[in-house]
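Worksheet: one structure, shown below.
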Amino acid sequence: MIKIKLPDGSIKEYENAVTALSVATDISRGLAKAVVAAKVNGKVKGLTEPIESDADLLLLKFEDEDGAHVYHHTSSHIMAHAVTLLFPDVKLAIGPAINNGFYYDFDTEHTFTDEDFALIEKKMEEIIKADYPVERFTLPKDEALKFVKDNPYKYELISELDENEEISFYKQGDFVDLCAGPHLPSTGRVKVAKIMSVAGAYWRGDEKNKMLQRLYATSFPSQTMLDEYIYKMEEAKKRDHRKLGRELDLYDIFEEGPGFPFFFPKGMEIRNQLIDYWRREHKRAGYGEIITPIILNEELWHKSGHWDHYKDNMYFTTIDEGNYAIKPMNCPGGMLAFKRRMYSYRDLPLRTAELGLVHRHELSGALHGLMRVRCFTQDDAHIFMTEEQMKDEIIGVINLMKKIYALFNFEYKVELSTKPENSMGTKEQWDIAEKALQDALESLNMKYELNPGDGAFYGPKIDFHIQDSIGRTWQCGTIQLDFQMPERFDLTYMGADGNKHRPIMLHRALFGSIERFIAILTEHYAGAFPVWLAPVQVKVLPLTDRQADYAQKIRDILLAKDIRVECDFRSEKIGYKIREAQLEKIPYMIIVGDNEMENNRISVRVRKIGDIGTMFLEEFQNRIVKEIENKL
RNA sequence: GCUGACAUAGCUCAGUCGGUAGAGCACCUCAUUGGUAAUGAGGAGGUCGGCAGUUCGAUUCUGCUUGUCAGCUCCA
């Protein structure tokens, strides 16, 4: 007797081995139709895989993340199947499910174009209609290798697997693919698929390898869901900071300076508000602010290790026949600032912040609006401390980061990145540093992912990643431990014992880059910034020329309270002025006609709500001042 | 940097199977003085990203180049 326990606690009993599909059928026919995979004792399995002993069973639908994953994975096989039929010379590489879809990497002489998409989709439809059962079979490693001998990619993948491992394959019609699975029971379970784009992708993500052609696609259980997805993506694109930055006249990048952004008065307003806030928080958290030069002698960069590890990303220049570098990071300058005098252990931890403008030579193909630029302002800080202070300092920084991100209601992902291949220092130092970061994360109960080998060349780091409008994530905040720079620069402090000791250094940035952070904010708010950040907070709209003086008076009063206010004196109808202010995403409009003027009042219109009626200017002023103070 | 696509007015986009271009919005002028998302009329604005080549003639075809977009790689 096999007992299958369902999530609601109920138990179904079966004489013999049973499949998740038949359990679903027992519950209801509708469920059997909707279910796409199952979690058996917490592991995702195919619906038709036999369950041979007692198990906890969770039936997965497309709506479940794991369910969608299986659904998309089978879809990727269908796409590979279709491509194989249309382009027989194609060699398959890998084709996993990803967020919102799937891709497959192909090696073929043919260059895929947009016109091929429709052809491939049509072929996929045929495979779906044929409703081939998707069957799993396994081979021992040596036979598996023989089976894929004509495909170097699959051959390489299998070669790396364990000798004794059973290698699983999935077969649908005549198409067979190496795959760990699981899969849908048959191809007909996929309803609609759409190829989204084609792009180059290096085999195994290594630029030394051959570049393959990657087809990105998605699939859904219904046309309606696909349409909704496409609509959603189009809507999301309207939030693109590059578009909004231009429309709202905040910032832009021109052909004359690829990767070098311009900020205009309205963008600067946002930037300055952020920085004001940043300065207040840092003063409170015990930081002193410094500024270090953008250009420093090349020697410094040899000493810091940047020459050996970061030269390709740096710009250089000559002054009076001397060689100079344009800083890609602020730390070496920070080192000089520390070294200028002697410190006591009583001075530690010493927290030094710098809004430092750094320049980096990024690959042209990597540039992306304000998200990825060639010059940006890091809200950097260097904390010099003793080993005992390390953990508390890390925790302090994480808490400050959490406080700032909470202000914007950001969802973020935390990653711990460890020792990369080409790094400075000893393994012991790295171990201590990595452990300190990990301990801090764990003592705060933070969820994080491990990202092995992705640390900076001088130390491991904790990174904070935030999503953009279409779900791409960007690293913003970062906390990096560094034993190397203090050693290279021979930094010391005087200990209680009268001897010189070496401090440990922590690099950190909260926004990460002001430019990237503003891009994230623009997309996060879809350009409708909260009052405290809005470039223009209030627009006064006189109904006719008769109210011009009154409008001006209102503006002057608000200006005197540091409220950012503009007037629209043009001889346009009120509807027109409102529409324009609305499109500019200005939080408050003050509308004044003869009525308001006679009663010494104002009409207020809120961006999100609409007309909220008339009030005295003083009432409005109290309201908006309070909102600004509370950062709403 | 690599793969693919794209580049026409400030913005969004038409268009020319090779005969030097057009709309809407924005801008300027005039009229209009209005009550919560577009008043009307007129005007100005483009060496069709740049450089070569083919051609009687190139914005259109070809090559190179610059930039942008998607992805890979890399990173805040």
Side-chain angles (χ1 to χ4, degrees), chain A residues 103 105 111-114 196-216 237 240 242-243 246-247 249 252-259 310 312-313 328-330 356 358 360-380 417 454 456 461 463-466 470 472 474-478 480 507-517 519-520 541-548 570-583 589-596 603-607 610-614:
Chain A
Y103 67 78
D105 286 349
T111 303
F112 292 120
T113 64
D114 292 8
M196 309 300 288
S197 63
V198 58
Y202 301 108
W203 166 239
R204 312 207 90 173
D206 188 334
E207 60 187 326
K208 289 180 204 85
N209 290 337
K210 181 166 185 181
M211 183 165 262
L212 309 171
Q213 294 186 69
R214 175 173 296 177
L215 288 178
Y216 281 91
K237 276 188 201 145
D240 191 316
R242 293 166 295 190
K243 191 174 157 60
R246 204 170 293 128
E247 281 172 3
D249 206 25
D252 207 351
I253 297 177
F254 305 117
E255 188 164 340
E256 290 80 354
Y310 211 72
D312 293 346
N313 281 296
M329 296 186 195
N330 303 302
V358 297
R360 299 182 180 176
H361 181 114
E362 298 294 339
L363 294 177
S364 57
L367 302 178
H368 184 97
L370 290 193
M371 297 282 194
R372 193 70 185 284
V373 289
R374 283 182 171 150
C375 81
F376 58 99
T377 309
Q378 285 183 312
D379 64 319
D380 213 343
S417 298
D454 214 34
K461 55 179 189 169
D463 292 329
F464 290 69
H465 297 252
I466 307 178
I470 62 169
R472 291 177 292 214
W474 298 90
Q475 185 187 317
C476 291
T478 183
Q480 314 181 343
H507 314 235
R508 48 109 281 193
L510 306 179
F511 296 144
S513 120
I514 305 279
E515 290 76 5
R516 178 177 287 182
F517 202 78
I520 295 265
L541 312 179
L543 210 67
T544 75
D545 294 348
R546 287 190 301 281
Q547 294 89 32
R570 296 174 304 171
S571 61
E572 297 291 348
K573 289 166 79 172
I574 197 66
Y576 183 87
K577 294 185 188 181
I578 287 169
R579 178 184 154 81
E580 200 139 287
Q582 196 78 34
L583 292 175
M589 290 171 232
I590 291 179
I591 294 152
V592 286
D594 287 336
N595 288 339
E596 287 80 1
S603 276
V604 177
R605 189 185 160 97
V606 183
R607 174 176 63 195
D611 188 3
I612 58 164
T614 63

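Letters A, B, ... are given to chains in the order of the sequence lines, protein chains preceding strands, and every chain is numbered from 1. What you see is a predicted model, and the numbers here were worked out from it, not measured in a lab.
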Can you measure [X] atom [atom1] to [N] atom [atom2] for me and round it to whole angstrom units?
{"X": "A:K243", "N": "B:C25", "atom1": "NZ", "atom2": "C1'", "answer": "12 Å"}
{"X": "A:R546", "N": "B:G34", "atom1": "CZ", "atom2": "P", "answer": "5 Å"}
{"X": "A:L367", "N": "B:A70", "atom1": "CG", "atom2": "P", "answer": "11 Å"}
{"X": "A:E580", "N": "B:C25", "atom1": "CD", "atom2": "C1'", "answer": "10 Å"}
{"X": "A:R607", "N": "B:U36", "atom1": "CZ", "atom2": "C1'", "answer": "17 Å"}
{"X": "A:D545", "N": "B:U33", "atom1": "CG", "atom2": "P", "answer": "10 Å"}
{"X": "A:D240", "N": "B:U68", "atom1": "CG", "atom2": "P", "answer": "14 Å"}
{"X": "A:H368", "N": "B:C69", "atom1": "NE2", "atom2": "P", "answer": "7 Å"}

For A:D463, the salt bridge (Lys or Arg N to Asp or Glu O under 4.0 Å) test, sequence neighbours excluded, returns A:K461
Can you name the residues that form a salt bridge (Lys or Arg N to Asp or Glu O under 4.0 Å) with A:R374, not counting sequence neighbours? none
When you compare [N] with [M], how far apart are their [atom1] atoms, in angstrom units rounded to a whole number?
{"N": "B:C51", "M": "B:U39", "atom1": "P", "answer": "42 Å"}
{"N": "B:C25", "M": "B:G43", "atom1": "P", "answer": "15 Å"}
{"N": "B:A21", "M": "B:G67", "atom1": "P", "answer": "30 Å"}
{"N": "B:C11", "M": "B:C27", "atom1": "C1'", "answer": "12 Å"}
{"N": "B:U60", "M": "B:G53", "atom1": "P", "answer": "14 Å"}
{"N": "B:U55", "M": "B:U62", "atom1": "C1'", "answer": "12 Å"}
{"N": "B:A58", "M": "B:U66", "atom1": "P", "answer": "25 Å"}
{"N": "B:U65", "M": "B:G22", "atom1": "C1'", "answer": "29 Å"}

Please confirm whether the shortest side-chain N or O distance from [X] to OP1 or OP2 of [N] is below 4.0 Å.
{"X": "A:T544", "N": "B:G34", "value": "no"}
{"X": "A:R570", "N": "B:C27", "value": "yes"}
{"X": "A:R472", "N": "B:G71", "value": "yes"}
{"X": "A:R242", "N": "B:A70", "value": "yes"}

Classify the side chain of A:Y202 versus the base of B:G1 as yes if they form a donor-acceptor pair under 3.5 Å and no if they do not. yes
According to ring pair (Phe, Tyr, Trp, His ring centres under 6.0 Å), who are the partners of A:F376, at least two apart in sequence or on a separate chain? none
Applying ring pair (Phe, Tyr, Trp, His ring centres under 6.0 Å), can you list everything that pairs with A:H368, at least two apart in sequence or on another chain? A:W474
Quick one: are [X] and [Y] in side-chain contact, heavy atoms under 4.5 Å?
{"X": "A:K577", "Y": "A:M589", "answer": "no"}
{"X": "A:L543", "Y": "A:L541", "answer": "no"}
{"X": "A:N330", "Y": "A:Q378", "answer": "yes"}
{"X": "A:I591", "Y": "A:D611", "answer": "no"}

Per A:R605 side chain, nearest of listed nucleotides B:A37, B:U68, B:G35: B:A37
Between B:C72, B:A37, B:U68, which nucleotide has the shortest distance from any of its atoms to the side chain of A:I578? B:A37
side-chain hydrogen bond (donor to acceptor under 3.5 Å, both in side chains) with A:K237: which residues, sequence neighbours excluded? none
List in chain and number order the residues that pass side-chain hydrogen bond (donor to acceptor under 3.5 Å, both in side chains) with A:R508, two or more places apart in sequence or in another chain; answer none if no residue qualifies. A:H282, A:Y287
For [X], answer base if it contacts any base atom (sugar-phosphate contacts may also be present), sugar-phosphate if it contacts only those atoms, and nothing otherwise; contact means non-hydrogen atoms under 4.0 Å.
{"X": "A:I574", "value": "sugar-phosphate"}
{"X": "A:L212", "value": "nothing"}
{"X": "A:E596", "value": "base"}

A:R214 side-chain N/O to A:A201 backbone N/O, donor-acceptor pair under 3.5 Å: no
Judged by atom type as modelled, is there a donor-acceptor pair below 3.5 Å linking the side chain of A:D379 to the main-chain atoms of A:F511? yes
Short heteroatom pairs, N/O only, protein and nucleotides 38-40 of chain B, under 3.5 Å:
from  : atom 1 : to     : atom 2 : distance (Å)
B:A38 : N7     : A:R579 : NE     : 3.3
B:A38 : N7     : A:R579 : NH1    : 3.1
B:A38 : N7     : A:R579 : NH2    : 3.4
B:A38 : N6     : A:R579 : NH2    : 2.4
B:A38 : N1     : A:R579 : NH2    : 3.2

Check nucleotides 74-76 of chain B for protein N or O atoms closer than 3.5 Å to its own N or O atoms and list the pairs.
from  : atom 1 : to     : atom 2 : distance (Å)
B:C74 : O2     : A:R372 : NH1    : 3.0
B:C74 : O2     : A:R372 : NH2    : 2.3
B:C74 : N3     : A:R372 : NH1    : 2.9
B:C75 : O2     : A:R516 : NH2    : 3.4
B:A76 : OP2    : A:K461 : NZ     : 2.6
B:A76 : OP2    : A:Q475 : OE1    : 3.1
B:A76 : OP2    : A:Q475 : NE2    : 3.4
B:A76 : O3'    : A:Q475 : O      : 3.0
B:A76 : O3'    : A:Q475 : NE2    : 2.7
B:A76 : O3'    : A:C476 : O      : 2.7
B:A76 : O2'    : A:Q475 : O      : 2.2
B:A76 : O2'    : A:R516 : NH1    : 2.8
B:A76 : N6     : A:V373 : O      : 2.7
B:A76 : N1     : A:V373 : N      : 3.2

Can you name the atoms? Protein N/O to nucleotides 4-8 of chain B N/O, anything below 3.5 Å, with the distance.
none

For RNA chain B, stems built from three or more consecutive Watson-Crick or G-U wobble pairs below 3.5 Å: B:1-7 with B:66-72, B:10-13 with B:22-25, B:27-31 with B:39-43, B:49-53 with B:61-65
Is it true that A:R204 and A:D206 make a salt bridge, defined as a side-chain N closer than 4.0 Å to a carboxylate O? no
The side chain to side chain contact (heavy atoms under 4.5 Å, CB included) partners of A:D594 (sequence neighbours excluded) come to A:R546, A:Q547, A:M597, A:E598
Sorted by chain and residue number, the side chain to side chain contact (heavy atoms under 4.5 Å, CB included) partners of A:T614 (sequence neighbours excluded) come out as A:E596, A:R601, A:S603
The answer to which of A:G257 and A:S603 contacts RNA chain B further toward the 5' end, by nearest nucleotide, is A:S603
Show, in sequence, the C-alpha distance, side-chain angles and deciding distance for A:R372 and A:E515, and conclude whether the salt bridge (Lys or Arg N to Asp or Glu O under 4.0 Å) test is met. CA-CA 9 Å; A:R372 193 70 185 284; A:E515 290 76 5; over 6 Å; no
